[in-house]
Amino acid sequence: MYEHLFSPLKIGSLTIRNRVIMSAMGCGTANSDNTVSERQITYYTERAKGGVGLIITGVTRVNDATGAMDANQISVSSDRTIPSIRRLAESVHAQGAAIFLQLHHPGNQTSPRTAYRWSKWN
């Protein structure tokens with residue numbers, strides 16, 4: 001019945017070890033500067049250890065000034081976040097899993113309070 005569930009899956013040049021996918025869900029545990037926290041690295045790495053083939057992170061903002069949905073979400077709006085994202089990817093990859101960032105912009109549902117905070121800090 002589940003003969004393909006644990007067989008590899010190829011997406012372009014990426015081979016995923018199985019077809020078990022952790023879908024995107026927000027956990028709101030990024031650092032206050034919107035870099036990936038050690039807590040998030042542990043969270044996603046444990047799922048990879050458990051056998052998940054592909055992990056999709058929760059919302060990852062692409063614009064701090066107009067795209068803030070939550071105060072503690074990962075941001076990819078500047079190069080300053082690259083080192084923490086690299087640590088996350090390396091940790092998950094070390095367990096044999098792949099990881100995708102769910103890129104996100106909330107459009108007119110941007111939180112005005114969160115966007116205002118970022119406009120003052122950046």
Side-chain angles (χ1 to χ4, degrees):
M1 183 170 185
Y2 302 107
E3 61 193 61
H4 298 292
L5 184 60
F6 296 106
S7 64
L9 173 67
K10 196 159 177 72
I11 301 175
S13 62
L14 175 66
T15 300
I16 299 171
R17 67 178 167 191
N18 60 45
R19 297 163 191 235
V20 177
I21 299 172
M22 178 182 163
S23 64
M25 62 183 103
C27 55
T29 57
N31 291 319
S32 60
D33 65 353
N34 300 102
T35 56
V36 179
S37 68
E38 290 304 315
R39 183 176 177 192
Q40 283 178 308
I41 292 172
T42 300
Y43 175 78
Y44 290 120
T45 301
E46 287 300 314
R47 271 82 197 151
K49 281 182 188 176
V52 172
L54 171 63
I55 295 168
I56 304 171
T57 66
V59 293
T60 301
R61 77 170 63 140
V62 296
N63 183 299
D64 288 331
T66 65
M69 186 68 174
D70 180 37
N72 292 92
Q73 75 183 109
I74 302 169
S75 174
V76 291
S77 65
S78 74
D79 289 349
R80 69 179 173 73
T81 63
I82 292 172
S84 67
I85 293 168
R86 181 179 293 122
R87 284 193 313 276
L88 170 61
E90 289 171 348
S91 185
V92 167
H93 292 164
Q95 300 304 317
I99 187 164
F100 292 172
L101 292 175
Q102 179 192 35
L103 301 180
H104 175 263
H105 190 288
N108 67 356
Q109 294 180 2
T110 295
S111 166
R113 187 171 58 185
T114 305
Y116 174 78
R117 182 190 82 156
W118 271 100
S119 68
K120 290 297 194 186
W121 289 1
N122 292 319

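Quick caveat: nothing in here was measured; it's all calculated off a predicted structure.
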Is there a donor in the side chain of Asn31 and an acceptor in the side chain of Ser37, or the other way round, less than 3.5 Å apart? no
Taking the six-membered ring of Tyr43 (Phe, Tyr or Trp), confirm whether the NZ or CZ of Arg39 is under 6.0 Å from its centre and within 45° of its axis. no
Does any N or O in the side chain of Asn18 come within less than 3.5 Å of the main-chain N or O of Gly53, such that one atom is a donor and the other an acceptor? yes
Considering non-hydrogen atoms only, spot the tightest contact between Ile56 and Gln102 and give its length. CG2-CB, 4.1 Å
Between Gln40 and Thr35, what is the shortest heavy-atom contact and its length? OE1-O, 4.2 Å
Looking at Thr42, is its backbone amide N or carbonyl O close enough to the side chain of Thr45 to form a donor-acceptor pair, meaning the two atoms are under 3.5 Å apart? no
Measure the CZ-CD1 distance between Arg87 and Ile82 for me, rounded to the nearest 0.5 Å. 12.5 Å
Taken to the nearest 0.5 Å, the spacing of Ile11 CD1 from Ile16 CD1 works out to 3.5 Å
Around atom CZ of Phe100, are there more than 12 heavy atoms from other residues, nucleotides or ligands closer than 6.0 Å? yes
Assess whether a salt bridge exists between Lys49 and Glu46, defined as any Lys/Arg side-chain N lying under 4.0 Å from an Asp/Glu carboxylate O. yes
Exercise: identify the closest heavy-atom pair between Thr57 and Tyr44: CA-OH, 3.6 Å
Any salt bridge linking Arg86 with Asp79? Criterion: basic side-chain nitrogen under 4.0 Å from a carboxylate oxygen. no
How long is the gap from OG1 on Thr66 to CZ on Arg61, to the nearest 0.5 Å? 10.0 Å
To the nearest 0.5 Å, how far apart are OG in Ser75 and CD1 in Ile85? 7.5 Å
Whether the side chain of Thr60 engages the backbone of Ile74 through a donor-acceptor N/O pair (distance < 3.5 Å, no angle test) should be reported. no
Hey, is the main chain of Ser78 close enough, under 3.5 Å, to the side chain of Thr81 for a donor-acceptor pair? yes
For residues 8-27, pull every pair meeting salt bridge (Lys or Arg N to Asp or Glu O under 4.0 Å), keeping only residues two or more places apart or in separate chains. none
Quick one: does Ser77's side chain have a donor or acceptor within less than 3.5 Å of a partner on Asn63's backbone? no
